[in-house]
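Okay, so here's the structure we're looking at.
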Number of protein chains: 2
Amino acid sequence: MVHDADHAAQCIKLVPIFQTLSDTERAEIAPLVKQRHFAVGESLFAAGDTVGSLMIVAGGQVKITQIAANGKEQLLYLLNPGDFDGEAALFTNSTRQNFGTALAPTDVCMIRRQDFQKQLQTSPQLALNILNAFGQRLASVAEQSTQATTASIEERLANYLLETAGDKTDDFKLPMKKKDIASYLGTTPETISRKFREFTDNGLIEKLAVNRFRILDADSLAMVE
Amino acid sequence: MVHDADHAAQCIKLVPIFQTLSDTERAEIAPLVKQRHFAVGESLFAAGDTVGSLMIVAGGQVKITQIAANGKEQLLYLLNPGDFDGEAALFTNSTRQNFGTALAPTDVCMIRRQDFQKQLQTSPQLALNILNAFGQRLASVAEQSTQATTASIEERLANYLLETAGDKTDDFKLPMKKKDIASYLGTTPETISRKFREFTDNGLIEKLAVNRFRILDADSLAMVE
DNA sequence: AGTAATTCTTGATTTAAATCAATTTCTTTA
DNA sequence: TAAAGAAATTGATTTAAATCAAGAATTACT
């Protein structure tokens, strides 16, 4: 059996914001880390919850969703190992605005709000790291927002495919159902389906298997508008 | 004539992130602050610039815009006195992704990147304040993104009017041209024009003068979808 | 004040994407 | 492995908003 301390050490190693800390600092943080497991479909937190902890995904996958005023669910982003959530509200006394649900069996490391804030007081490097991570997420959300207001669905899907494929353009797997992709891009499954067909017919992508694709013409895909 | 030190003191008083600091900490920061003036239409910074300073608006108004892949300009947000910008990139070594332009004669207080980071090392409270401000901006941008993907233009405009009016529902001024509102909401001036007319015809708002309006039925406006 | 230059409004038309509806394909589980 | 359930596809239709175009109102300029 693996000890809690081991899990904590693993979490700390995994997460970029802790990586550049001194050994001393890391040793201070380790005892603050608690680990929890979530089964597929289980809720990590819901909108309205008070934010008690910073949550770091150690393994598995979590989807973060939001319910819009009109009742529609929108997928905001996915958390993979090393990603964390809860920072936004950790410092604002507010309640959570979104939902976190495990898409796979998921291990989460948690640090309680008070513990974390206390640690920040004595570790300027940790604060800088958090600010850095914050800055990146802010830029990414801002970019998403701009895309949503200025780009067509076709363009957004093309970008999504290029991002998702990364360097594995010749065989990559969609990390979520088309239904979720639709929600993520702010459209409907029907439209996603049609755009996939269009891209395939035009020789931009090729379907290898269920949920597996190859990008045939990255240049054209990048120029879709 | 007003001395630079006075300007600096004014900036520091103005900005929420500095307000809760101790007198000692404030005294340390004051000499780091440089002041600059910008005329209407003048550029504070452009995309591609390296981020050299945190910019704090002391007076006037600044619009932050982004150029989308298709060349369209989108207005991201406005900075009013007390607001600041540049935090996102201050910690990421990256270049600016957006443009800042003075909409009115504007005074800006600037703190150089290195100076600011050094100050953070010794002032945990400052770090917490920044994180707090960051969290709020992140939440606001995320909300904007969700609205853009899930709400109709009509709904977005209704929300925009309610936000802009604040508590002055019986006489408020639009802070920007309809063209800019269109850009901000991701639509066209023509559509904005038609929606204004629709709201007026349905007794939701009333035009008092050029760019001045009264909200007649806030409840209905909030329920538009 | 008077003219030029923007910005705003309104109408007509087109277009992208949503919705509605019916199969088909895939996944789960009994 | 068969049956049930969920997800994805495809077609027909509707709808919200963009685009194109012209005129009216504001604002800026000399």
Side-chain angles (χ1 to χ4, degrees), chain A residues 39-41 63 68 70-75 101 103-105 147-158 160-161 173-202 205-213 224-225, chain B residues 39-41 63 68 70-75 101 103-105 147-158 160-161 173-202 205-213 224-225:
Chain A
V40 175
K63 71 168 175 181
N70 55 20
K72 281 189 185 170
E73 171 182 307
Q74 196 213 351
L75 198 158
T101 315
L103 290 180
Q147 277 235 14
T149 45
T150 59
S152 67
I153 301 277
E154 202 164 322
E155 193 176 342
R156 273 182 271 164
L157 179 60
Y160 174 77
L161 290 176
K173 190 176 164 298
L174 294 179
M176 48 185 172
K177 286 177 284 194
K178 297 235 171 80
K179 206 175 80 171
D180 287 330
I181 296 177
S183 158
Y184 181 66
L185 298 178
T187 182
T188 61
E190 291 96 322
T191 296
I192 293 291
S193 218
R194 285 182 243 273
K195 294 302 175 189
F196 262 96
R197 165 149 265 286
E198 220 175 281
F199 286 164
T200 306
D201 289 352
N202 295 338
I205 61 172
E206 182 189 356
K207 182 176 181 169
L208 299 175
V210 177
N211 268 343
R212 304 186 73 89
F213 291 85
V224 161
E225 59 178 53
Chain B
V40 175
K63 72 167 176 181
N70 56 19
K72 281 190 186 171
E73 169 181 308
Q74 197 213 352
L75 199 159
T101 315
L103 290 180
Q147 277 235 15
T149 44
T150 60
S152 67
I153 302 277
E154 201 165 324
E155 193 177 342
R156 274 183 271 164
L157 179 59
Y160 173 77
L161 290 176
K173 190 175 166 299
L174 294 179
M176 49 185 172
K177 286 177 283 192
K178 297 236 169 78
K179 206 176 83 172
D180 287 330
I181 297 177
S183 159
Y184 181 65
L185 298 177
T187 180
T188 61
E190 291 96 322
T191 297
I192 293 291
S193 218
R194 285 182 241 274
K195 293 303 176 188
F196 262 97
R197 164 147 266 286
E198 220 175 279
F199 287 165
T200 305
D201 288 351
N202 295 337
I205 61 173
E206 182 190 354
K207 182 176 180 169
L208 300 175
V210 177
N211 268 341
R212 305 186 72 86
F213 290 85
V224 162
E225 61 178 51

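We use all heavy atoms of the structure for the numbers below, so side chains are in, but hydrogens, waters and symmetry mates are not. Quick caveat, the model's predicted, so the values are computed rather than measured. Chain A is the first sequence line, chain B the second, and so forth, proteins listed ahead of strands; every chain is numbered from 1.
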Quiz item: 5'-most contact on DNA chain C: Lys177(B) or Gly186(A), nearest heavy atom basis?
Solution: Lys177(B)

Quiz item: Closest approach of Thr101(A) and Gly41(A), non-hydrogen atoms and distance?
Solution: CG2-O, 3.5 Å

Quiz item: CG of Leu185(A) to OH of Tyr160(A): how many Å apart, nearest 0.5 Å?
Solution: 7.5 Å

Quiz prompt | Under 4.0 Å protein heavy-atom contacts per nucleotide of nucleotides 25-30 of chain D, with B for base, S for backbone only and - for none | solution = -SS---

Exercise. Could you work out which one of dT9(D), dA18(C), dC8(C) sits closest to the side chain of Lys178(A)?
Key: dT9(D)

Quiz item: Using the C1' atoms of the five pairs at each end, what is the angle between the end axes of the helix from dT9(C)-dA22(D) to dA30(C)-dT1(D), to 10°?
Solution: 50°

Quiz item: Going from CD1 on Ile181(A) to OG1 on Thr191(A), what distance comes out if it is rounded to the nearest 0.5 angstrom?
Solution: 13.0 Å

Quiz prompt | Out of dT10(C), dA17(D), dA12(D), whichever nucleotide has its closest atom nearest the side chain of Arg194(B) | solution = dT10(C)

Quiz prompt | Nearest listed nucleotide, side chain of Thr187(B), among dC20(C), dA17(D), dA17(C) | solution = dA17(D)

Exercise. Specify the separation, in whole Å, of atom CD of Glu154(B) and atom P of dA16(D).
Key: 9 Å

Quiz item: For Arg197(A), which contact category applies under a 4.0 Å heavy-atom criterion: base, sugar-phosphate, or nothing?
Solution: sugar-phosphate

Quiz item: How close or far is atom P of dT10(C) from atom NZ of Lys195(B), stated in whole angstroms?
Solution: 14 Å

Quiz prompt | Rounded distance (Å) that lies between atom C1' of dT15(D) and atom CD1 of Ile153(A) | solution = 15 Å

Practice problem: Step by step, work out the side chain to side chain contact (heavy atoms under 4.5 Å, CB included) result for Phe196(A) and Leu161(A). | Solution: CA-CA 10 Å; Phe196(A) 262 96; Leu161(A) 290 176; 4.0 Å; yes

Exercise. Find the distance Glu190(A):CD to dA16(C):C1' and express it as a whole number of Å.
Key: 15 Å

Self-check item: Nearest to side-chain heavy atoms of Lys179(B), which nucleotide of dT19(D), dA7(D), dC8(C)
Solution: dC8(C)

Practice problem: Can you measure from CD (Glu225(B)) to OG1 (Thr150(B)) and round to the nearest 0.5 angstrom? | Solution: 11.0 Å

Quiz item: In terms of heavy-atom contacts, does NZ of Lys179(A) have more than 12 from other residues, nucleotides or ligands at under 6.0 Å?
Solution: no

Quiz prompt | Closest non-hydrogen atom pair between Ala158(A) and Val224(A), with its separation | solution = CB-CB, 4.0 Å

Practice problem: Nearest whole angstrom, please: distance from the C1' of dT19(D) to the CD1 of Ile192(B). | Solution: 16 Å

Practice problem: Output the distance between atom CZ (Arg156(A)) and atom NZ (Lys195(A)), rounded to the nearest 0.5 Å. | Solution: 11.0 Å

Quiz item: What are the two closest heavy atoms between Lys63(A) and Leu75(A), and how far apart are they?
Solution: CD-CD1, 4.3 Å

Quiz item: If only side-chain N and O atoms of Thr191(B) are considered, is one of them under 4.0 Å from the OP1 or OP2 phosphate oxygen of dA18(D)?
Solution: yes

Quiz prompt | Length of the CZ-P vector between Phe196(A) and dT24(C), whole Å | solution = 23 Å

Practice problem: Ignoring backbone atoms, test whether Ser152(B) places a side-chain nitrogen or oxygen under 4.0 Å from the OP1 or OP2 oxygen of dA16(D). | Solution: no

Quiz item: Taking atom P of dT7(C) as reference, at what distance in whole Å does atom CE of Met176(B) sit?
Solution: 15 Å

Quiz item: Does Thr149(B) use its side chain to pair, donor to acceptor, with the backbone of Ala148(A) at less than 3.5 Å?
Solution: no

Quiz item: In whole Å, what is the span from the CG atom of Leu174(B) to the P atom of dT7(C)?
Solution: 16 Å

